[in-house]
Amino acid sequence: DEMQAALLRVKLPVLHEWIERKRSIAVRYHKGLQLSGLIQPVGSEENQAYHIFPVRHPERDRLRQHLQENGIGTEIHYPVPPHRQKAMAGILEGDYPITQEIHATELSLPISFCHTDDEIDRVIETVNSF
């Protein structure tokens, strides 16, 4: 609609700049995150827009609580595996252990173009202190 078009007219000229900022945050995460057992996304920064920065850890819920207790918000963007979605009932039957593991261990770290380097460093330090 017209309202969305007006917002996009303002946002589109700076979209490339925002994506570059998110890529620089991802590089900071890749270099700084040292938590044992943490699995980070794989890929080349030039091919990523980093809509989210998902990591995986076997103690995801405890890690999320640790971050929350330190004032850091996280998200679980995809809590239900595809084969457990209502829309897939009768189409995808059976167990998918790797998919279930991914969905049970995934946690998205903050990655907004608005975050400062100091804020991202604080996320890194807090994750590494877990």
Side-chain angles (χ1 to χ4, degrees):
D1 66 14
E2 292 83 7
M3 183 61 86
Q4 290 177 341
L7 288 171
L8 283 175
R9 262 185 97 183
V10 173
K11 289 182 173 184
L12 280 176
V14 293
L15 182 61
H16 181 71
E17 184 181 320
W18 288 352
I19 290 172
E20 286 304 313
R21 175 62 186 145
K22 291 174 95 174
R23 287 177 179 157
S24 74
I25 291 170
V27 167
R28 232 177 164 75
Y29 277 144
H30 284 299
K31 288 181 179 177
L33 291 170
Q34 303 293 321
L35 177 62
S36 177
L38 191 73
I39 300 171
Q40 298 184 45
V42 185
S44 172
E45 272 71 36
E46 71 260 9
N47 296 326
Q48 298 278 350
Y50 287 103
H51 165 64
I52 62 174
F53 193 88
V55 295
R56 292 178 47 214
H57 192 272
E59 296 185 64
R60 182 222 26 220
D61 295 335
R62 284 190 53 232
L63 174 58
R64 187 174 196 207
Q65 181 67 34
H66 173 71
L67 290 164
Q68 184 177 14
E69 288 169 357
N70 285 279
I72 297 170
T74 60
E75 293 293 334
I76 298 174
H77 279 97
Y78 307 106
V80 180
H83 66 286
R84 299 262 169 111
Q85 300 276 343
K86 243 193 232 185
M88 300 309 278
I91 298 171
L92 287 177
E93 299 294 332
D95 290 328
Y96 296 86
I98 294 171
T99 300
Q100 289 173 200
E101 179 185 341
I102 289 169
H103 284 267
T105 59
E106 186 274 332
L107 178 69
S108 297
L109 299 179
I111 188 162
S112 168
F113 65 90
C114 299
H115 287 115
T116 66
D117 287 347
D118 287 343
E119 290 171 330
I120 297 304
D121 288 345
R122 188 166 166 275
V123 173
I124 292 167
E125 290 169 12
T126 307
V127 168
N128 289 341
S129 73
F130 177 68

Would you mind reporting whether Y29 and L109 have side-chain heavy atoms less than 4.5 Å apart? yes
Go through R62 and Q65 one step at a time and tell me if the side-chain contact (heavy atoms from CB on, under 4.5 Å) criterion holds. CA-CA 5 Å; R62 284 190 53 232; Q65 181 67 34; 5.6 Å; no
Checking the side chain of H103 only, and the main-chain atoms of Q100 only, is there a donor and an acceptor separated by less than 3.5 Å? no
Are V55 and I124 linked, directly or through intermediate hydrophobic residues, by side-chain heavy-atom contacts shorter than 4.5 Å (ILVMFWY only)? yes
Is it true that Q40 and R56 share a donor-acceptor pair across their side chains at a distance under 3.5 Å? no
Just by distance, with hydrogens left out, do T99 and E101 show a side-chain donor and acceptor under 3.5 Å apart? no
Spell out, as yes or no, whether a donor-acceptor pair under 3.5 Å connects the side chain of N70 to the backbone of I72. no
Decide whether L35 and I111 are clustered together by the hydrophobic rule: side chain heavy atoms of Ile, Leu, Val, Met, Phe, Trp, Tyr closer than 4.5 Å, transitively. yes
Go through V123 and L33 one step at a time and tell me if the side-chain contact (heavy atoms from CB on, under 4.5 Å) criterion holds. CA-CA 9 Å; V123 173; L33 291 170; 5.8 Å; no
Hey, any chance I25 and I52 share a hydrophobic cluster, counting ILVMFWY side chains that come within less than 4.5 Å of each other, even indirectly? no
Between W18 and Y50, is there shared hydrophobic-cluster membership here, with clusters defined by ILVMFWY side-chain heavy atoms closer than 4.5 Å? no
Going through the checks in order, is the side-chain contact (heavy atoms from CB on, under 4.5 Å) test met by F113 and E17? CA-CA 9 Å; F113 65 90; E17 184 181 320; over 6 Å; no
L63 reachable from I102 in the ILVMFWY side-chain graph, under 4.5 Å edges: no
For T74 and R64, does a side-chain donor sit closer than 3.5 Å to a side-chain acceptor? yes
May I ask you to check whether H30 and F53 place their ring centers less than 6.0 Å from one another? yes
Evaluate side-chain contact (heavy atoms from CB on, under 4.5 Å) for S108 paired with E106, printing each intermediate quantity in order. CA-CA 7 Å; S108 297; E106 186 274 332; 2.8 Å; yes
So with a 6.0 Å cut-off around CD1 of I98, is the heavy-atom count from everything else above 12? no
Is E20 salt-bridged to R23, cutoff N-O under 4.0 Å? yes
Between I76 and R60, is there a side-chain heavy-atom distance shorter than 4.5 Å? yes
For E75 versus H77, what's the shortest heavy-atom pair and its separation? CB-CE1, 3.4 Å
Scan side-chain atoms only and decide if T105 and H57 contain a donor-acceptor pair under the 3.5 Å cut-off. no
Interatomic distance, H66 atom NE2 to D61 atom CG [nearest 0.5 angstrom]: 14.5 Å
What heavy-atom pair brings G37 and P58 nearest, and what distance separates the two atoms? O-CD, 3.6 Å
R21 vs D117, test: salt bridge (charged side-chain N to carboxylate O under 4.0 Å, His left out). Steps then yes/no. CA-CA 10 Å; R21 175 62 186 145; D117 287 347; 2.9 Å; yes
Return the minimal non-hydrogen interatomic distance between P110 and G73, and the atom names on each side. CG-O, 3.3 Å
